[in-house]
Amino acid sequence: MEMLLDFWAAYSSTVVFAMVNSFIALSMYAVLSAGILSFTTIVFAAIGGFMAAQMIAGAGLPISVAIMGAGLAGLAASVLLAPLFLRLETHWMALASLALVLITRVVVLNAPALTGGVNGMLVPVRVGVMEMAIWLALVALVFYRLHHSWYGLATRAVREDPSVAATMGISTWRIQFIAFAISGAVGGIGGAGMAVTLQFISADTYFLGAAFTMIASTVLGGSFHWFGPIVGAFIFTALPTLMQSIVPSIQDVAKGVVLLVIMIYLPRGLVDPRARKLRKAARERQTLRDHHAPLEPSHDTILPGKTSKEAKA
Amino acid sequence: MQLFLEQLINGVSLGSLYALFGIGFGLVFATLGILNTAHGAYASWAAILGYYAVEWLQVPFPMAVVIGTVGGGLIAIIVDQVGFQPLRGRKGGMLGALITSIAFLIVLDSLAGTATGHQSWAFRPGHYPDGLIDFGPIRVPQMQVIIIAAMLIVGIGMHLLVQRTRIGAAMRAVGWNEEAASLGGVNARVVILITAFLAGATSGLAGVLGGAATANISYQLGEGLLLKGFAAVVVGGFNDVRGTIIAGVLLGVTEVFVSQYLSSTYRDGVTYVLLLGFLFLRPRGLFGSGSFIRA
Amino acid sequence: MQSSKLFRQALAIGIATSLGFANAAIAAPDAGEYQLGIISDDTGPIASAGISYHDGADLAIKEINEKGLAGEGVTFTLSVKDSASDAARSVQATTQFAADRNILAIICCVLSPNAAGVSQFAIQSGLPVVIYGATREGLPQEPYITSVVALPGPQEVLLAERMAAEFAPKKVAYIKQSDSDIQSARATKVQKVMEAVGVETSAEVFVLGADTDFSGPATQAMVTKPEMIFVWANQTAGIGVITALRQRGYDGQIVTSDIISPPAVFEKSGATVANIPFAVSFQPGVSDSSTAQAFIDAYKADYGKLPDVYAAQGYTAIHLIAQGMKSLDGKPTRKALAEAIWNITEIEHNVYGGQQMENGQARTPGTLIVNWTKEGEVKRWEK
Amino acid sequence: MTVSAHQDQGAPLHELRNVMMRFGGVVAVDNLTMAIPKGSVHGLIGPNGAGKTTVINLITGMFFPTEGTIHFAGKRTDGKQPHEIAALGISRTYQNVRLFSGMSALEQVMTGCYLNRDSSLFQSFLGMPIARANWRRVREKAMHLLERVSMADRADELAETLSYGEQRRIEIARALGSDPQLLLLDEPAAGMNQSEAREIGKLVHELCDAGLTVLMVEHNMSMVTEFCQSCTVINFGRLLITGDAATCLADPEVQAAYFGRKKHA
């Protein structure tokens, strides 16, 4: 028992960080699931993080209020940004979002009144495991509900084939706008989560490293179901600790290789509802000895807009 | 006036590195549809190989440039065959390739860190062209002249290769539609290998020259080039070498001029705000006309 | 669902591995055998310095165990957790150390943000921390957080005063790294001294830590024709700036900080960094106390190279803990050890020829103003 | 001409007037005027590359015409976005079946019912009864549509595991989900054997009897003669003839353009 307690004491912070990263991954998933590759999550996280830090360190508000405020701040930022970003197509949007991450860093460094500038900000309180878990459960519940809603159906349609979705009356712009809004709110919460777990945030907290790691963990976990990003975030948070104890000298190489192997063998990520259904179908076929040959699955694309097939028709 | 000219040359030389780096990045995107974040690692590795060649094998600098360039190309081929080839069969899409490239970025960068003992290295003074050339009142470091010349030669060469030769036509055909290209008698596999090699080699060239000019050969070398090279490619239009060159040079000049004449604190801010503005106004790049989306 | 199965497997492996480690740790240590922890920067962007700190600490442990410097029959082992300079991983490592009852104290952190995060958590869980690299003001907190790194300021002031006195320059330029709190603070201190004696600031040029091309900033500074250029930036950027200045033919005086002190820097840049004065508190070839000499010899024997200022700091951090340990007779607790360390006013075993501590913060020890010669030796700087 | 024979079916539901469509220098649709009579099955035929699919893309708003106007139920639709046109009551299927990867047959059809949703985003993620009731209703409707295309027993299966003919039927059910007035079928019988094709034809007739107007792009001549009341023949984007199916197919110009070309192909 004592051993378990020790274990929990040692790794509870890993669990908390994994939960915090889950928000960031879910925020990336929110837009990814609507066919958008965007790193603006990091921008929303920065806004949420410094917002929360100010609310806690400056105004002395409780953590839960600060997290709520951070979510709202992220939401507001995303609602303002989305109309601009939605004018761009995929890679241009991806680049624009990267540029925005870099701009954010410059702004953070040069707005010491809001962010502490180069000195960063100390956050005097630390969030409890339970509180973080409750927040994650709430957000996961929202994603669960959305998955089984009109919005969920529409996002999947828009992601798979936006022009077909449009002929069903689904407005790609509207769906992607909502996706951005969700991404903003959840990203803001994630940023606040980072602030109350790291207890110190600066321009470097919300930068490219986080952007690349989190997009990788989102896709690794699986970007076709809301549970995937959470799994991915937990694995990517635990992986360095695990690698540290197994292969300390080449831990980063090992991390890259794990990612590579998963991408080669499970390109749609660990949690993949389609693969599960396909396996089920295969099993049934075997028992039924069905003669229908399955079609080659159409390739999944994250490109919105008109497809080449249309354009060349 | 002298200041203006000197800074202009600084900007053009810096931009030439971005352009040189961006050419290969754009080529891979246009032909193979991969947003390759590991492209920067090729540059780091090429610089490291060049360093080994000069400091350990004592070869002259031009030879080291060749070794680095070819090395970059070979690493690119390995990465392509190990990481991206398996995805092609199953049409993993752009996202799968992106994440795979991040995996390679992690692996190659940390191996480069180990190879350099996590230090930043530099060619010793005298082991590379570190003198100055006088152009009237302006004195320009030799490396800057070499970089600009290399960019012009490689840029024009690549443009002609892509637009005027059979290999180039084949590359464009594969970029348009791999299946159709195979039917039309183009060996897609060969074209993919050539493309990967050329991309790695140009990145490698940028790496060796940049590493020498900035006295910084480390695993972080490619990181800075990656963002700026990506920006150059996007502004220039994905499938146009001319666009990449012009955009890369403009980016370098903008950076230097913003910090000279506006504010060095806000340099990156101003540069990226300009970039964003450009994107929103002209989302298809300088020479881009139609929508560029792969078949 | 196979994916969740995979996840469960991964989790199971993780738990099994970690429990295995916990088990190993729980196996009762010999009497007098204590564990310290280090949150290292062995990989990541600042590994070049991080490895030196770690090497210095390892050497100190070896020496303490051999000579019984932590008290009769007391030996240390050093448990390593690499943070790769990542703040989140630093905090995670802290919680793991805090949870491991065999760990008495930890040393950590090159980057101030990481040090700040680690400190907050360590205070909450009552784990003594000795900071060996981060130089932000206000990090030490009674009794748990102490720092063996002198704050920037006094050294820069001394250096600046000396430059002003010996050169009496009229115009000086400053190249600063704008995204580093420490470097900007240092530059400000120098600039104040220079301006106070009437030296005109001809240019203030800002660079970023991640920049690689410094031809623009070099031109910008040089065009104002300063007699002297101060370079205040982290190692890679600072050396980049110096190289760019020299490459463009700047032959005025360049002054910088201890970033060029590691022998590896001379190996890299050679004559480019020669004759540039900088202030350090420890430098092989100049530091001449017997402790320093012993440290340099032992380091050279173990690692085949000369120690740098970072190795000296890692070394000192462990010796500070040993000194605290020695003052505790009998069973040390974390709290008692923290208090003992906090109350130390002078580090007995140091390579600086004297190192005062005040409220858990090391004061600036003897300042050496030195420079590299073209032959690769460090000499006291003379005009 | 026989067009007058169909005027008793009422005003045309959909019209293209002098529509031009250019891609760069290529003219894909050249001054085309076409009317789809309300309540009929209208065929759009022509050789490969005649521009049939381009016409469908113009009707659904995928492309905006370079010149000319498009009218649906008395409203101009050219320049409207595809989802706006869908909301007006136009729905379509695709020549090369474009179902959503990873969705079950039922989910495909429910997505097709998107326009039937009457609960807001907030109501659904708060799990309010109105949202659940709406969801249940649409689910039932989707099941009903699947029954109609005889696919109800495969509702939970992943679409990509079904056969080509089954996928086509699901696509038709999906297109019907939005309760369209005009259904555009792009070669609904392509890749099917004769009996499967006839089943589709019958289904189309049933739908038509229930008041739906259908535009069918078809290659299979027997399908056209058997199931289309009227048709339009185009070649190189230009109108060749329009009228009742038998007359059109008998036209010598059509024979020359269509079968003449086909022989050489």
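Labels below follow one simple rule: chain letters A, B, ... track the order of the sequence lines, proteins then strands, and each chain is numbered from 1.
Contact annotation for A/Leu198: both backbone and side-chain heavy atoms come within less than 4.5 Å of a heavy atom of chain C. With a threshold of 4.5 angstrom between heavy atoms, A/Asp252 approaches chain C through side-chain atoms but not through N, CA, C or O. Interface remark: C/Phe97 contributes no atoms to any contact with chain A (heavy atom separation under 4.5 Å). Both the backbone and the side chain of C/Ala88 come within less than 4.5 Å of a heavy atom in chain A. Only the backbone of A/Pro124 comes within less than 4.5 Å of a heavy atom in chain C; its side chain stays farther off. Residue contact with chain C, scored on non-hydrogen atoms closer than 4.5 Å, involves the side chain of A/Ser202 exclusively. For C/Thr43, the part lying under 4.5 angstrom from a heavy atom of chain A is the side chain only. Residue A/Val123 touches chain C through its backbone alone, counting heavy-atom pairs closer than 4.5 Å.
When each of A/Ala9, A/Gly120, A/Ala10 is checked for heavy-atom pairs under 4.5 Å with chain C, A/Ala10 comes out on top. In terms of heavy-atom pairs under 4.5 Å with chain C, the best-connected choice from A/Gly117, A/Ala238, A/Pro240 is A/Pro240. Among the candidates C/Ser125, C/Ala99, C/Ala87, C/Gly117, the residue making the largest number of heavy-atom pairs closer than 4.5 Å to chain A is C/Ala99. The candidate with the highest count of non-hydrogen atom pairs below 4.5 Å against chain A, out of C/Thr95, C/Asn114, C/Ile182, is C/Thr95.
Separation of atoms CG (C/Asp179) and CG (A/Leu109) is listed at 5.5 Å; rounding is to 0.5 Å. Here the CG-CD distance, from C/Asp42 to A/Gln251, works out to 8.5 Å after rounding to the nearest 0.5 Å. We find the CG-CG distance between C/Leu111 and A/Asp204 to be 8.0 Å, quoted to the nearest 0.5 Å. Rounding to the nearest 0.5 Å places CG of A/Asn119 at 9.5 Å from OG of C/Ser180. With rounding to the nearest 0.5 angstrom, the OG atom of C/Ser119 is 10.5 Å from the CZ atom of A/Phe200.
Nearest heavy atoms, C/Val80 versus A/Gln244: O-NE2, 3.8 Å. Across all non-hydrogen atoms, the minimal contact from C/Gln96 to A/Tyr11 is NE2-CE2, 3.5 Å. Residue A/Thr197 comes nearest to C/Val91 through the heavy atom pair O-CG1, 4.1 Å, listed as atom of the first residue, atom of the second, then distance.
Heavy-atom contacts from other residues, nucleotides or ligands closer than 6.0 Å to CD of C/Glu137 number 12 or fewer. Heavy-atom contacts from other residues, nucleotides or ligands closer than 6.0 Å to OH of C/Tyr303 number more than 12.
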Take C/Phe121 and A/Arg126 through the test side-chain contact (heavy atoms from CB on, under 4.5 Å) and record every step on the way to the result. CA-CA 8 Å; C/Phe121 188 84; A/Arg126 186 179 170 81; 3.3 Å; yes
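Judged by distance alone, the side chain of C/Gln92 and the main-chain N or O of A/Thr241 form no donor-acceptor pair under 3.5 Å.
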